[in-house]
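Written out below as structure tokens is the structure these notes cover.
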Amino acid sequence: MPEANLPKTYDPAGTEARWQQAWESSGAFHPDPGAPGEPFSVVIPPPNVTGSLHMGHAFNTALIDTIVRFQRLRGKNVLCLPGTDHASIAVQTILEKQLKAEGQRKEDLGREAFLEKAWAWKAESGGTIVGQLRRLGYSVDWQRERFTLDAGCSAAVIEAFNRLHEQGLIYRGEYLVNWCPASGSAVSDLEVEMKEVDGHLWHFRYPLTAGAAADGRTHLEVATTRPETLLGDTAVAVNPKDPRYADLVGQTLTLPLVGRQIPIVADDHVDAEFGTGCVKVTPAHDPNDFAIGQRHDLPLITVMAKDGTMNEAAGRFQGLDRFEARQAVVAAMEAEGFLVKVEPYRHSVPFSDRGKVPVEPLLSTQWFVRTEPLATRCREALDAAAGPDPRFVPERWSKVYRDWLTDIRDWCISRQLWWGHRIPAWFVVSETGGAITDSTPYVVARNEEEARAKAEAQFAGGVHAHPVVLEQDPDALDTWFSSGLWPFSTLGWPGEAGEAEPPDLARWYPTSVLVTGFDIIFFWVARMTMMAGALMSDREGSGIPWIPFRDVYIHGLVRDENNRKMSKSAGNGIDPLLLIERYGADALRFALVREVAGAGQDIRLDYDRKSDTSATVEASRNFANKLWNATRFALMNLGGETPASLGAPDRAALKLPDRWILSRLARVNRETAERYGIYGLGEAAKGLYEFAWNEVCDWYLELIKRRLNPGENPGTEALADQRTARQVLAKVLAELLVLLHPLMPHLSEELWHGLTGEPEGTFLALQPWPAVDEMALDDALEASFSGVIGLIRIGRNLRAVRGMKPSEKIGQVGIATENDGIRQVISIASDDFKSLIKADSIGIITGSPEYKSIVGISGTSQVHVEVPESDVPALRARLDKDLAKAEKEIKGLAGRLANPNFAAKAPPEVVAECRANLAEAEMQAELARKRLADLG
RNA sequence: GCGCGAUUAGCUCAGCGGUAGAGCGCCUGCCUUACAAGCAGGAUGUCGCUGGUUCGAACCCGGCAUCGCGCACCA
């Protein structure tokens, strides 16, 4: 608690830990679904349990927590639900790497022991992450913490898989998939990243079987970047409109090294302009070739095994690794005279995101989700007459989302991994001799018992074995399958059959907003909406939206000081904890949010790696310290009273500065609430920073110091006025702390307790947002005040120009002005303002003052600052400056007014304003000239 | 190839039709009992280039350039 005798600087460490503990142990963020208030819910993007958090998580957390804390202050029934993701392939990759370092493979351990290791890893990494999220002051409900592989989420996955299968949206089949030889698993299209690499284009000759064509040609020339696949070629394709080859279509070629007769086919896919216009076709090893193969009914010949080595179909190349095989095939082709030439060639190669090796398109039997019906449903929601659902902020991301949902390909969901949700399908191996083959029948069920019943019904009796022998599919599901269920699995879906919806689901689904980075719109956002379309659109009480979030707030990435994306692999990540330890969680959060612009741009966090410091975060730390000291000042001056004991000020007793700051406060309150409400978080932060520092601290606190310290033996009037000042000060500060709370939760909680004296069990976090005092709003007064502030600034500048020390007192300051508002403020509040310019007095004058002075001009006002003796050079310099400024303005304004079209076409108020400004500038210039002339 | 974003003060970025802004940094002077993590004052910009719309453009429209991102991809 800040008190007068307490440190001058804010030390966040102890404060933050204390409030985090107090919030959590009191269950402050553990909402009751039955509690009143409009529901507001957010499920956090669950971080992967792959180690520890990075700055991107801190950023995401700062944004979400700002939003939910605001909504809580607004009186909503807020649930913010935390959790982590099991990150199937990522975690398994880490663990396998660890095993490899110990000279082991996962097969040496066996599935069960390996999974034990994985759970141990999860416990450690998950614990670290949860600890880090706590250190940020996340106002989530830890009692509802979830993990994508916990019992509830696993049940949801099984239920979802079964329902999708029942709806015909999940199927199993043999297709060309992206095979990652490093992880030994299929991966989805999204997990493949195209990378430009420097390779070669090999040109080969494929001889015509017939020996020579009518025109004497004996071969076709094809080019390839992947010579090893030639072993699986089953055709050569040309464009049907290509006159060079029209007469050869239908003939056959003899595949070199292999001797297979392969046809020449005509296919539109082939670009006649590229290369020789002839393409070798390897349907089992290339997606385009696969398509050509389908169209021409070509055989599929797989020449590579799943570990990336050549198989028996590769003949003499069997056993070679795919890259060795490439060299060997080229050498053989050259030796046998089929190699025409080799060119260096830069091209794109698909890489596995996780394995970091080129993926291999391979024929494989996998499980797929049929995405088109789901994507269609999502696109329809986006085009709903009632407005887009979900609503993207910023809007432009909805195009990205929509485009992806258009022409979407089916989603390969099975992974040949152990860490993850095991696929709830059982093979009836008794039908195929005890082994799983591509033709083994299977049943999809919710558990083995149900599977057995289904299998018995289908296969027992007759020629079939009895009892049936089942074996569960050894594969796991894509990690994003369970992530796709996150907004409802975490709320208790599916619940008990026949029972009412789980209370959390009934209360908080759909969630209010999803806050996430643009990099996972496809992986996650679209998967959640597709899953919800299949599983949530038939909720009881139709008419309830099924899209799992009303808004999707997309934010950018955190970049490092060199504008590079922060990532673990690039090694340029910054540990949020380092900055929290140095500056405090509030400072880090405030800095991150403050950087956010409206349009969801990436943010750059400056950082000095030598000293582990960040100027940006430091500036926010300084702001926290400023607030600390402003509150310390209040505590020293409130005479032991609190906002409550002081009570609301009597409106009639308010002095001008009070009315000004209360008007500003009401306006800032309204603006801030609006900004928070529309995700204008950066604007909210900047607005509060400026209000707190530049208005409350710089001006209001200074203006009331005299009233707060009326001196020895004050009269009753002075005491009453002191009380008014105290009341306003207490109100402004207490309310400011509420407005700031979503951004700086710990500091505001701490200072609020200090200011109000509320017991530890009462929380600012749970207070109501203060009502906007509409009566206090006074535009005219705010304008007059900023005019006066401008004049005081000019006066201070005159002092500086005159070379006066800040501590040096001056005599009189005279203001000559035609502005009624300014005149009024100066004459009524002269005692308040005089000390801000260190003058004996400040007052309104007409014409020139009687004392020696130097003058500054602003608008229609002049500031005269008394000086001990006239200082001609200083005065001349000042007037020259004013004159130059006025003349420049005159030139600009006169030019505009001289244009006849301007007066004719511009709105009258703009023209009038322009004329007024011109008159003012001319007056200023004239005045300056006159005074310069007087100087002689 | 298609799409998106960025280009404003030394740095990081606001502003998005009516006379160019903030933070940091920089310069000058101050330990003025809330705060030196501070106070007061100051300097700094042909708003990427180029056409156009407009009385008026950093802002709207068209082109170009540079940087970045996403999607697709020709062997």
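Numbered from 1 within each chain, the chains take letters A, B, ... in sequence-line order.
Among the protein residues, A:Thr225 comes within range of the sugar-phosphate backbone only, with heavy atoms under 4.0 Å from sugar or phosphate atoms but none that close to a base. Contact annotation for A:Asp271: base contact, defined as any heavy-atom pair under 4.0 Å involving a base atom. Using a 4.0 Å heavy-atom criterion, one finds that A:Cys697 contacts the bases of the nucleic acid, with or without backbone contacts as well. Residue-level contact check: A:Val222 touches neither bases nor backbone, having no heavy atom under 4.0 Å from any strand. Residue A:Lys705 is classed as a base contact, given a heavy-atom separation below 4.0 Å to a base. At the heavy-atom level, A:Lys888 lies nowhere under 4.0 Å from the strands shown. Within the nucleic acid shown, A:Glu702 comes within 4.0 Å of at least one base atom, counting heavy atoms only. Within 4.0 Å of A:Asp519, counting heavy atoms only, lies no atom of the nucleic acid at all. Among the protein residues, A:Asn899 comes within range of the sugar-phosphate backbone only, with heavy atoms under 4.0 Å from sugar or phosphate atoms but none that close to a base. If you check every strand for non-hydrogen atoms under 4.0 Å, A:Ala904 touches nothing. Within 4.0 Å of A:Thr224, counting heavy atoms only, lie sugar-phosphate atoms of the nucleic acid but no base atom. Contact annotation for A:Pro907: base contact, defined as any heavy-atom pair under 4.0 Å involving a base atom. Among the atoms of the strands shown, none is found under 4.0 Å from any heavy atom of A:Leu893. Across all strands shown, A:Phe204 has no heavy atoms under 4.0 Å from either base or sugar-phosphate atoms.
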Please report, to 0.1 Å, the donor-acceptor pairs under 3.5 Å made by any side chain of residues 892-921 of chain A, with sequence neighbours excluded.
from: A:Asn899; atom 1: OD1; to: A:Asn901; atom 2: N; distance (Å): 2.9
from: A:Asn917; atom 1: ND2; to: A:Glu913; atom 2: O; distance (Å): 3.4

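For the OP1/OP2 pair of B:A75 and a distance below 4.0 Å, the side-chain nitrogens and oxygens of A:Lys280 include no atom meeting the criterion. Taking side-chain N and O atoms only, A:Arg796 has a distance below 4.0 Å to OP1 or OP2 of B:G41. A:Trp693 has a side-chain polar atom (N or O) that falls below the 4.0 Å cut-off from OP1 or OP2 of B:C39. Regarding contacts with the backbone of B:C55, every side-chain N or O of A:Arg896 stays at 4.0 angstrom or more from both OP1 and OP2. Side-chain nitrogen and oxygen atoms of A:Lys626 include at least one within less than 4.0 Å of the OP1 or OP2 phosphate oxygen of B:C39. An OP1 or OP2 oxygen of B:A72 is reached within less than 4.0 angstrom by a side-chain nitrogen or oxygen of A:Arg409. Between B:A75 and A:Tyr345, a contact under 4.0 Å exists linking OP1 or OP2 to a side-chain N or O. Under 4.0 angstrom from either OP1 or OP2 of B:U32 there lies no side-chain N or O belonging to A:Lys809. For the OP1/OP2 pair of B:G38 and a distance below 4.0 Å, the side-chain nitrogens and oxygens of A:Asn629 include no atom meeting the criterion. Checking the phosphate oxygens (OP1, OP2) of B:A40, no side-chain nitrogen or oxygen of A:Arg793 falls inside 4.0 Å. Close to B:G29, at under 4.0 Å from its OP1 or OP2, lies no side-chain N or O of A:Lys805.
The CH2 atom of A:Trp628 sits 13 Å away from the P atom of B:C35 (whole-angstrom rounding). With rounding to whole Å, A:Asp608 atom CG is found 14 Å from B:C11 atom C1'. Between A:Asp403 atom CG and B:G5 atom P the separation is 13 Å, expressed in whole Å. One atom, CG of A:Asn694, and another, C1' of B:G21, lie 13 Å apart when rounded to the nearest Å. The distance between atom CG of A:Asp602 and atom P of B:C69, rounded to the nearest whole Å, is 10 Å. B:C71 atom C1' lies 13 Å from atom CZ of A:Phe523, rounded to whole Å.
Comparing the same atom, P, in B:U12 and in B:U19 gives a spacing of 28 Å after rounding to whole Å. Using atom C1' as the reference point in both B:G3 and B:G21, the two lie 32 Å apart (nearest Å). B:G25 and B:C11 are spaced 7 Å apart, taking the C1' atom of each and rounding to whole Å. Taking atom C1' in both B:C60 and B:G56, the straight-line distance is 13 Å, to the nearest Å. Between B:G10 and B:U54, the two C1' atoms lie 35 Å apart (nearest whole Å). For the C1' atoms, the distance linking B:A22 with B:G17 amounts to 22 Å, nearest Å. Between B:C2 and B:G62, the distance separating the two P atoms is 16 Å to the nearest Å. Separating the C1' atom of B:A6 from that of B:G48 is a span of 11 Å, rounded to the nearest Å.
As the counterpart of B:G10, B:C24 is assigned, both hydrogen-bonding distances of the Watson-Crick or G-U wobble pattern falling under 3.5 Å. Under the Watson-Crick or G-U wobble criterion, with both distances below 3.5 Å, B:U33 has no partner in any strand shown. Partner assigned to B:C16 is none, using Watson-Crick or G-U wobble distances below 3.5 angstrom. The partner of B:C60, taking Watson-Crick or G-U wobble pairs whose two distances both stay under 3.5 Å, is B:G52. The partner of B:C67, taking Watson-Crick or G-U wobble pairs whose two distances both stay under 3.5 Å, is B:G5.
Each of A:Asn901 and A:Asn622 was matched to the nucleotide of RNA chain B holding its nearest heavy atom; the match closer to the 5' end belongs to A:Asn622. In terms of position on RNA chain B, the residue among A:Glu889 and A:Asp286 whose nearest nucleotide sits closer to the 5' end is A:Glu889.
A donor-acceptor pair under 3.5 Å is formed between the side chain of A:Gln924 and the backbone N or O of A:Gly859.
Using modelled atom types and a 3.5 Å distance limit, the side chains of A:Tyr345 and A:Asp198 yield no donor-acceptor pair.
Proximity of residues 189-200 of chain A to RNA chain B (heavy atom under 4.0 angstrom from any strand atom) is restricted to A:Met194.
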